[in-house]
Each structure stands twice: as structure tokens, then as C-alpha cells.
Amino acid sequence: MYFTKSFIPILKNNPSEAKIKSHQLMLRVGMIKQSSSGIYSWLPLGFKVMKKIEQIVRDEQNKIGAQEILMPTIQSSEIWKESGRYEDYGQEMLRIKDRQNREMLYGPTNEELVTDIFRASVKSYKSLPQLLYHIQWKFRDEVRPRFGIMRCREFYMKDAYSFDISDDAAFFSYNKFFLSYLRTFKRLDLVAIPMAAETGPIGGNLSHEFVILAETGESKIFTDKKIFEVNSDDTKLEKQSLEELRKKYEKFYAVTDEKFNNEEFEKKVTEQDRLITKGIEVGHIFYFGDKYSKPMGASVDLTGGKKVFVKMGSYGVGVSRLVGAIIEAKYDDKNEVMKWPISIAPYDVSIIPMINKNDNTALEKSIKINTEFIKNNIEAIIDDSDENLSSKLKKMNLIGSPFQIIIGNQADGDTLEFKETGKKSTHIKLDEVIKIIKKEKEKI
Ligand code: ATP
Ligand code: MG
């Protein structure tokens, strides 16, 4: 991609309306554009990152055997009346009337809709468990949309739903999602801690929030530092191993302020291990048994003619919020340097040629390098603008490719000035550059 042909509307300065660094960066490099309060368009750079995050989320859902579906954004109020949540959900739900005067709504979440899909087709216990997920826009009319896409009204979310025959089987499903979340956040190069959580309007009795530490987060968290040492690498996708994994985490005190109890905190955590800080909720999983299946009549037949209401859980990841959360974790706003994890970077590498009016050597060299990159599946952005080197570097530091190549105008010889974004340059050959970038990409 040539910078001059790209749609990356960069601003010279930080926009004054943005209070936190992710919002600043996203507006500054034109990842998003606000369309009205809490509602955003996603421009190419932002959309590219979000789509890569979505793909990792999807991949990890598929790996635990969840199946993807697509449900509509607009739902009928009927099913919400059946579950009893139409009134309860309150003002966060955007209610709409169609031309026949039927009550519709823009889905804030999809438990009812997926239960309706399930009950129409699944009749026997033999078809269980079922794990279904969708990645879709949701709308919640938040009282105070803020921090850009972190708390907005229309947002992109992965939500999964599990259907099981018993509590015990349902916990197995729950634990599969627990593991898939740990794996997802790891691939995004984030440290997310699972914290015991209140179940809120979704209801139920088992719930974890996945929170990443960040000064600008809205959740206050209280945790035992030892939780950061838990390792999930050797967990197998089988009942026993998953149970042990959850226990390994649950051993340590880790809650948000809703569940905080000081006496318990001081009793369970030694003074030097107590950590009180802030975090961003990037995922939330719930077990809620037959809360929806019972009022909505979603049951399966057992042997001997008995019926049982299916036991359900739901599992959300804020895909669009994750874009902001990763910036909060990775952006060095003092030096204005962003370095995306290579798994989701909009470009793997920025090629920065110094271009003089009458000398195209550096640009030509960039194009040749890019041809080699393309052969090796490496995606580059070439800054072909006629700005000076320091403003090009500034700009590319904001765009955040994990690697940069700087090509001087006396560009001869076959060594290149190569750097990891934010670090010092080295001079190496193109072959080695390709090797380094490919090796990084293989780790994904
Ligand atoms: P919060 O506590 O932040 O309001 P929630 O508990 O209402 O979130 P869930 O219903 O658990 O959210 O939704 C699953 C995920 O969707 C959350 O973990 C979060 O990452 C994301 N999410 C929820 N509300 C918003 C929002 N208004 N803007 C962006 N992402 C959101
Ligand atoms: Mg929550």
C-alpha cells in the first residue's frame, strides 16, 4: 500500500475531545470517525485491525467446537416478552416500531433469539451439547457514551451460547470458553485476568469477567499478584484438565469493586501480593442454567419420555472494545509510538524512503523491497509522500507497524536500516529482514 493512495486521514495534533490515549490515537490516525454520540464509522486502518482481532476470536471459538451463526441486529419484542426481559432491560434497549406498528428492537444481546433458534430444531438430548456463536453489531443506549469505542452505543461483539443437559455438562462447556478466552487474549498479546463477577441483568450464578490492567480502565480491581503466574499452556480440552485450570485461577483473590470485600481481601492475600488498580473488561462469561430455557420452553427429551429444560451459558467478547484496549496496553503516548502486536497489526512493516525532488532511487528501492515482501506474505506500507524524514517517522510511529525500514537517498549497497518500532536501528540485509518478520508472524 502506498501512503499517498491510502485512506488514512492523519491529524497533526491530538484531538482535544479525546480524554484517553486509545481514543486520541484512533482519531489521530483516522481509524474511526464519529457519526453521532457513541456511534462510529470504522475507516480502513481501524477496520483492518478489528477484522484481524475478529478472526483470532473466531479461530479460538472454532477450536473448542463452537459453530458460527449470524443473527439479525433487529429483533421482535415477542421473544423478550416471553423471557420477561422486555420491561426489565430498561432504557439501554433501543426500541423501534415498524410500519405495521409492531414493536421491534435493536439487539443489546441475543439470549432470547438464540434460545428461539435452538428450541425450533433441537429436540433430543443426543444433540447436546450445542455451542453457537455470532459476531455482530449490538446496540445499547448507554447513558454516557465515552472514551471513543470503549463505551459506545453501537459496538461489535462476539457472543456465544451453550446448551447442555445438566449443570455438570454445562460447567464443562463454561470451562471450554474459559480456556478459549485465555488463548484468545494471549494471541492478542494481552494479559487478561479472569475475575469472579456479579451476573448483572443477565442473571445466574457463575460468572467471570476477563480484565486487562490499564490506568484508564473503568473497572476497579482487587487482586492477588500471584494470579499473573498461572500458566494455562498445558491445558487439554477435556473435563478434568479444564476444571483444574479454572481452579488454578480461582485459588487467587481477583474481583472487581462490585464483589469486593476488604476483610476477605486482607485475609486471603498477603500484604505484598495485594494489587489494587484499574482495568478494562474485554470479556464476560456467565452460567445461568434454565433462566431463559424455562420461560421460553426450550427443552429436550430424555430417554424414558422425560423432558428437561436445557442449561445455558453465554460468553461475550467486546471485539471493537479490544481495539481500544490493545492501544491502552501498547501505546507509548509520551513518545507517540504505537507498536501493534504483529498478529493484528494493520501492516507488518513500514517502508520509509527519503525522497528528493529529482531523485527517485529510494522510492524505487522501496518498491523492489516490497515485491520481495509480497512474495513472502509480508504486508508493507510505503510512505511515498514528499514529507521530510522526521515527519514520516512520526507518522509511521503512530500507524504502528511493528517494524520499520528507512531508506536514505543515497540508497546503494544491499544493507538496510531496519528497526523494531520504538527501538534502535540495525543495518542488515533484506534476506535477514524477511527472516525476522516471518519468524515473528509464525508465533501467532
Ligand atoms: P460493562 O460492564 O463494560 O458495561 P457489560 O457487562 O454490560 O459491560 P456484557 O454484556 O458482558 O457487557 O458484554 C460483553 C462484552 O462486550 C464486554 O465484556 C465488553 O467488552 C463489551 N461491551 C459491553 N458494553 C460495551 C459498550 N457499551 N461499548 C463497547 N463494548 C462493550
Ligand atoms: Mg460485565
Side-chain angles (χ1 to χ4, degrees), residues 58 60-72 74-89 105 107-136 157-181 199-208 236-243 245-246 284-317:
R58 172 177 289 117
E60 292 300 333
Q61 296 293 290
N62 293 342
K63 278 189 192 154
I64 58 162
Q67 302 166 75
E68 187 169 11
I69 59 174
L70 184 61
M71 291 182 267
I74 306 291
Q75 305 181 18
S76 156
S77 62
E78 295 302 318
I79 46 176
W80 287 75
K81 286 178 183 159
E82 275 189 62
S83 75
R85 270 210 297 187
Y86 193 57
E87 301 308 325
D88 292 357
Y89 214 93
L105 55 102
T109 179
N110 283 47
E111 281 79 11
E112 283 78 358
L113 199 52
V114 78
T115 306
D116 183 49
I117 292 170
F118 176 91
R119 71 179 170 184
S121 335
V122 182
K123 303 290 175 202
S124 162
Y125 75 95
K126 287 185 190 149
S127 310
L128 300 186
Q130 285 292 336
L131 313 179
L132 301 175
Y133 74 96
H134 75 149
I135 304 176
Q136 180 59 289
M157 178 166 150
K158 186 283 300 180
D159 226 343
Y161 304 90
S162 63
F163 302 86
D164 277 282
I165 197 170
S166 62
D167 285 336
D168 194 46
F171 294 148
F172 183 21
S173 294
Y174 185 95
N175 292 341
K176 286 181 194 168
F177 284 100
F178 190 95
L179 174 67
S180 90
Y181 277 32
T199 48
I202 299 208
N205 45 22
L206 173 62
S207 175
H208 286 87
K236 292 190 203 68
L237 200 62
E238 49 97 32
K239 204 160 177 259
Q240 184 73 20
S241 182
L242 289 172
E243 250 172 58
L245 172 71
R246 186 146 69 81
H284 199 162
I285 60 180
F286 302 86
Y287 175 59
F288 44 77
D290 58 11
K291 183 174 189 306
Y292 301 97
S293 58
K294 204 168 173 183
M296 293 186 69
S299 61
V300 291
D301 298 325
L302 301 175
T303 46
K306 271 182 81 181
K307 277 184 188 301
V308 65
F309 292 116
V310 285
K311 308 286 187 171
M312 294 173 59
S314 74
Y315 314 88
V317 168

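- Distance check: Arg58 CZ to Ile135 CD1 gives 4.0 Å after rounding to the nearest 0.5 Å.
- The distance from atom CG of Asp88 to atom CH2 of Trp80, rounded to the nearest 0.5 Å, is 10.0 Å.
- The side-chain heavy atoms of Leu128 and Val122, taken from C-beta on, include a pair separated by under 4.5 Å.
- Considering only heavy atoms from C-beta on, Asp116 comes within 4.5 Å of Ile79 through its side chain.
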*Derivation and outcome, side-chain hydrogen bond (donor to acceptor under 3.5 Å, both in side chains), residues Asn62 and Tyr133*: CA-CA 9 Å; Asn62 293 342; Tyr133 74 96; 2.7 Å; yes
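- Of the possible polar contacts, none joining the Arg246 side chain to the Phe178 backbone as a donor-acceptor pair under 3.5 Å is found.
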*asked:* Lys291 vs Glu111, test: salt bridge (Lys or Arg N to Asp or Glu O under 4.0 Å). Steps then yes/no.
replied: CA-CA 10 Å; Lys291 183 174 189 306; Glu111 281 79 11; over 6 Å; no
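- In this structure, the side chains of Val317 and Glu60 stay at 4.5 Å or more apart for every pair of heavy atoms.
- Between Gln130 and Val114 there is no side-chain heavy-atom pair separated by less than 4.5 Å.
- Counting only distance, with no hydrogens or angles, the side chain of Lys158 and the backbone of Tyr315 share a donor-acceptor pair below 3.5 Å.
- Considering CD1 of Ile64 and CG of Leu131, their distance stands at 6.0 Å, rounded to 0.5 Å.
- Taking both residues in full, the closest heavy atoms of Pro72 and Gln136 are given as C-NE2, 4.1 Å, listed atom of the first, atom of the second, then distance.
- At most 12 heavy atoms of other shown residues, nucleotides or ligands fall within 6.0 angstrom of atom NZ in Lys236.
- Heavy atoms from other residues, nucleotides or ligands lying under 6.0 Å from NZ of Lys294 number 12 at most.
- A distance-only check finds a donor-acceptor pair linking the side chain of Ser207 to the backbone of Ile285 [under 3.5 Å].
- In this structure a side-chain-to-backbone donor-acceptor pair under 3.5 Å is missing from Gln61 to Glu68.
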*Report the C-alpha separation of Val308 and Ile165 in whole Å, then their side-chain angles, then the decisive distance to 0.1 Å, and conclude whether the side chain to side chain contact (heavy atoms under 4.5 Å, CB included) test is met.*
CA-CA 7 Å; Val308 65; Ile165 197 170; 4.1 Å; yes
*Could you walk me through whether Thr115 and Tyr161 pass the side chain to side chain contact (heavy atoms under 4.5 Å, CB included) test, one step at a time?*
CA-CA 9 Å; Thr115 306; Tyr161 304 90; over 6 Å; no
*side chain to side chain contact (heavy atoms under 4.5 Å, CB included) between Ser127 and Val300, intermediate numbers included*: CA-CA 9 Å; Ser127 310; Val300 291; over 6 Å; no
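- Of the N and O atoms on the side chains of Asp167 and Tyr174, not one donor lies less than 3.5 Å from an acceptor on the other residue.
- The shortest side-chain heavy-atom distance between Leu179 and Leu237 falls under the 4.5 Å cut-off.
- Within 6.0 Å of NZ on Lys126 lie no more than 12 heavy atoms contributed by other residues, nucleotides or ligands.
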*asked:* Walk me through whether Asn110 and Met157 qualify under side chain to side chain contact (heavy atoms under 4.5 Å, CB included).
replied: CA-CA 11 Å; Asn110 283 47; Met157 178 166 150; over 6 Å; no
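- Nearest heavy atoms, Pro295 versus Glu82: CB-O, 3.6 Å.
- To the nearest 0.5 Å, atoms CG (Asp159) and OG1 (Thr109) are separated by 5.0 Å.
- Atoms NZ and CG, on Lys306 and Asp301 in that order, are 12.5 Å from each other to the nearest 0.5 Å.
- Below 30°, between 30° and 60°, or above 60°: for Phe288 and Tyr292 the angle between ring planes is above 60°, a perpendicular geometry.
- Taking CE of Met296 as the reference point, atom CG of Leu113 lies at 8.0 Å (rounded to 0.5 Å).
- Looking at Val310, Asp164, Thr303 one by one, the single match for side-chain contact (heavy atoms from CB on, under 4.5 Å) with Tyr125 turns out to be Thr303.
- Of all heavy-atom pairs spanning Tyr181 and His284, the tightest one is CE2-N, 4.2 Å.
- Contact between Leu70 and His134 at its shortest, heavy atoms only, is CA-CB, 4.5 Å.
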